[in-house]
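One-based numbering, in listed order, for ligands and for the atoms of each.
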Amino acid sequence: MGASVAYHLARRGLTDVVLVERENMLATGSTGRNAGGVRHQFSNEANIRLSIESIGLLECFADEVGYPIDFHQDGYLFLLSSPSSVATFRQNAALQRSLGVDVEWLDAEGAARLVPGMDASGVLGATYCRRDGIADPHGVTTGFAKAAQALGVAIERGVEVTGIRLESDRVAGVETTHGRIDTRSVVNAAGPWARRIGAMAGAEVPVDPIRRHIFIAAHPEQIRGTSGSGEAPPFPSSHIMVIDFETTFYFHREGAGLLFGMGERGETPTFDTTVQWDYLPQVIEVAVTRLPTLADASISHAWAGLYEMTADGNPIIGPAHGIEGLYLINGFSGHGFQHSPAAGRLLADVIAGRDPQFDLTPFAAGRFVTGAVSGERYVV
Ligand SMILES: Cc1cc2nc3c(=O)[nH]c(=O)nc-3n(C[C@H](O)[C@H](O)[C@H](O)COP(=O)(O)OP(=O)(O)OC[C@H]3O[C@@H](n4cnc5c(N)ncnc54)[C@H](O)[C@@H]3O)c2cc1C
């Protein structure tokens, strides 16, 4: 988010910008730990609009921003196994189509044909959008950052923000481990740590860190070194992202292996990203029902990252409530990587005093007080 905002500000001629990152590298927070998924398929109209704009930029990223992002548009397939999910997805597919998204409705056989080796038992329906896909989060972040830098933005790595200085209720500067930066405008792009940065200015930013795991499986044939000759059905050859909506088990091809994960129940906020290996058997129990070949696979590695959750699953984009000069781009609730191109553009327009040509009401910071708008239902 920080790199995208910096890029879009610079494109608007606002180049007196410093991007401050406490780690020695960019994209080591949530961005460096995500599944790379990019989809049009959301339940909330504002999120579908974010996707349309973001995917438009990702499709021409190398030409427009100047960096490769390894974007595979092999589609997202949602599998639905309950009548209520079928009803919800039918309604939302109609909404997506009304906005120009080409989303298909499939039966179980149609879904199974897209993913060789997948068991579609119990599937009552599925949605598929072929322009959805998988991109490289490091590439997108680096692309935005390098292009912003080329336009004059400064990037300070290994520098931690320790405080925000106010004069009355207005931002006056930022305290860092490398000294003070005087400024009238601060963007909180701290991902799962957004609440802490907000608190430095006395602003409530209702974003909680929730741990999510990703596992990588190596195909048994890779392990045996007998590529192509074993009995187990292969992992999908395309990069299609499959989401079993009822269980939230999801997977996609990653290199020669398979990336998979599943939402965890009873989660409580934590900044701890230690891998909980005792969670793996629960995931595998579900996983093998959809992808039996996983029973013979070996898990080559795993990591955990943090979702940055809001109460309604929608982000906060715009000015903070009550603190002039503080802007928020937080709480993307597990789908922020893909929305960073549009979200950064929107906030840059707001800061530059331009009309973003987008109804930001569903993303307003004040909505948690008024409770006036509906959120996102497709949080995986
Ligand atoms: C397991 C997992 C899977 C996911 N899958 C997807 C997916 O398929 N598709 C998708 O779109 N999204 C996905 N997401 C969500 C996505 O990763 C996030 O929404 C997105 O990366 C948020 O970006 P960000 O820039 O806001 O946060 P981050 O990438 O976390 O960046 C925040 C940065 O702020 C820095 N920072 C924090 N505090 C300070 C400080 N005091 N001083 C200086 N720097 C500071 C951090 O070091 C960090 O680099 C997934 C997330 C996880 C955990």
Check each heavy atom of Ile197 against ligand 1 and say whether those closer than 4.0 Å belong to the side chain, the backbone, both or neither. side chain
Counting only heavy atoms, tell me which of Gln338, Met1, Glu308, Arg22 gets closest to atom 25 (O) of ligand 1. Met1
State if Gly261 counts as touching ligand 1 under the rule of any non-hydrogen atom under 4.0 Å. no
Return the residue, atom name and 0.1 Å-rounded distance of the protein heavy atom closest to atom 5 (N) of ligand 1. Ala35 N, 3.2 Å
Can you tell me which residue and heavy atom of the protein come closest to atom 9 (N) of ligand 1, and the distance to 0.1 Å? Gly37 O, 2.9 Å
What I want to know is whether Tyr307 and ligand 1 share at least one N or O pair that is separated by under 3.5 angstrom. no
For the 3.5 Å polar cut-off, considering only N or O atoms, please tell me whether Gly336 and ligand 1 meet it. yes
Which is it for Glu23 and ligand 1 at heavy atoms under 4.0 Å: side chain, backbone, both or neither? side chain
Geometric cation-pi criterion Arg39 and Phe42, 6.0 Å radius, 45° cone: yes
Report yes if Val38 has an N/O atom closer than 3.5 Å to an N/O atom of ligand 1; otherwise report no. no
For ligand 1, is there an N or O atom under 3.5 Å from any N or O atom of Tyr76? no
Under 4.0 Å, heavy-atom basis, I'd like to know which part of Pro137 is in contact with ligand 1: side chain, backbone, both or neither. neither
What protein heavy atom lies closest to atom 40 (C) of ligand 1? Include the residue and the distance to one decimal. Val161 N, 3.8 Å
Option with minimal heavy-atom separation from atom 17 (O) of ligand 1, where the choices are Asn24, Thr177, Asn34: Asn34
Which of Leu294, Ile243, Ile240, Leu291 passes side-chain contact (heavy atoms from CB on, under 4.5 Å) with Phe251? Answer is Leu291
Looking at atom 13 (C) of ligand 1, what's its closest protein heavy atom, distance included? Gly334 O, 3.1 Å
Could Arg97 and Trp105 be counted as a cation-pi pair, given that NZ or CZ must be under 6.0 Å from the ring centre and within 45° of the axis? no
Can we say Arg157 and Glu23 salt-bridge, meaning some charged N sits less than 4.0 Å from an Asp/Glu carboxylate O? no
What is the closest protein heavy atom to atom 16 (C) of ligand 1, and at what distance does it sit? Phe337 N, 3.8 Å
Can you check whether Leu306 has an N/O within less than 3.5 Å of an N/O in ligand 1? no
Nearest to atom 27 (O) of ligand 1, what protein heavy atom do you find, and at what distance? Gly191 CA, 3.3 Å
Evaluate the criterion side-chain hydrogen bond (donor to acceptor under 3.5 Å, both in side chains) for residue pair Asn44 and Tyr378; output intermediate values, then yes/no. CA-CA 9 Å; Asn44 188 291; Tyr378 295 5; over 6 Å; no
So is Val159 close enough to ligand 1, meaning a heavy atom under 4.0 angstrom away? yes
Give me the nearest non-hydrogen protein atom to atom 47 (O) of ligand 1 as residue plus atom name, then the distance to 0.1 Å. Glu21 OE2, 2.6 Å
Please work out whether any backbone atom (N, CA, C, O) or any side-chain heavy atom from C-beta onward of Phe332 is under 4.0 Å from ligand 1, and answer side chain, backbone, both or neither. side chain
With Ser43, the side-chain hydrogen bond (donor to acceptor under 3.5 Å, both in side chains) member among Arg377, Glu376, Gln91: Glu376
Flag the pair Arg130 and Glu104 as a salt bridge only when some basic side-chain nitrogen lies within less than 4.0 angstrom of an acidic carboxylate oxygen. yes
So, regarding Ser30 and ligand 1 (criterion: nitrogen or oxygen to nitrogen or oxygen, under 3.5 Å), is there a contact or not? yes
Those atoms of ligand 1 less than 4.0 Å from some heavy atom in Gly305: 53 (C)
Below 4.0 angstrom from a heavy atom of Arg33, which ligand 1 atoms are there? Numbered from 1 as shown, please. 1 (C), 2 (C)
Classify the contact between Ile214 and ligand 1 as side chain, backbone, both or neither, using a heavy-atom distance cut-off of under 4.0 Å. side chain
Considering only heavy atoms of His335, which atoms of ligand 1 have at least one such atom less than 4.0 Å away? 10 (C), 11 (O), 12 (N), 15 (C)
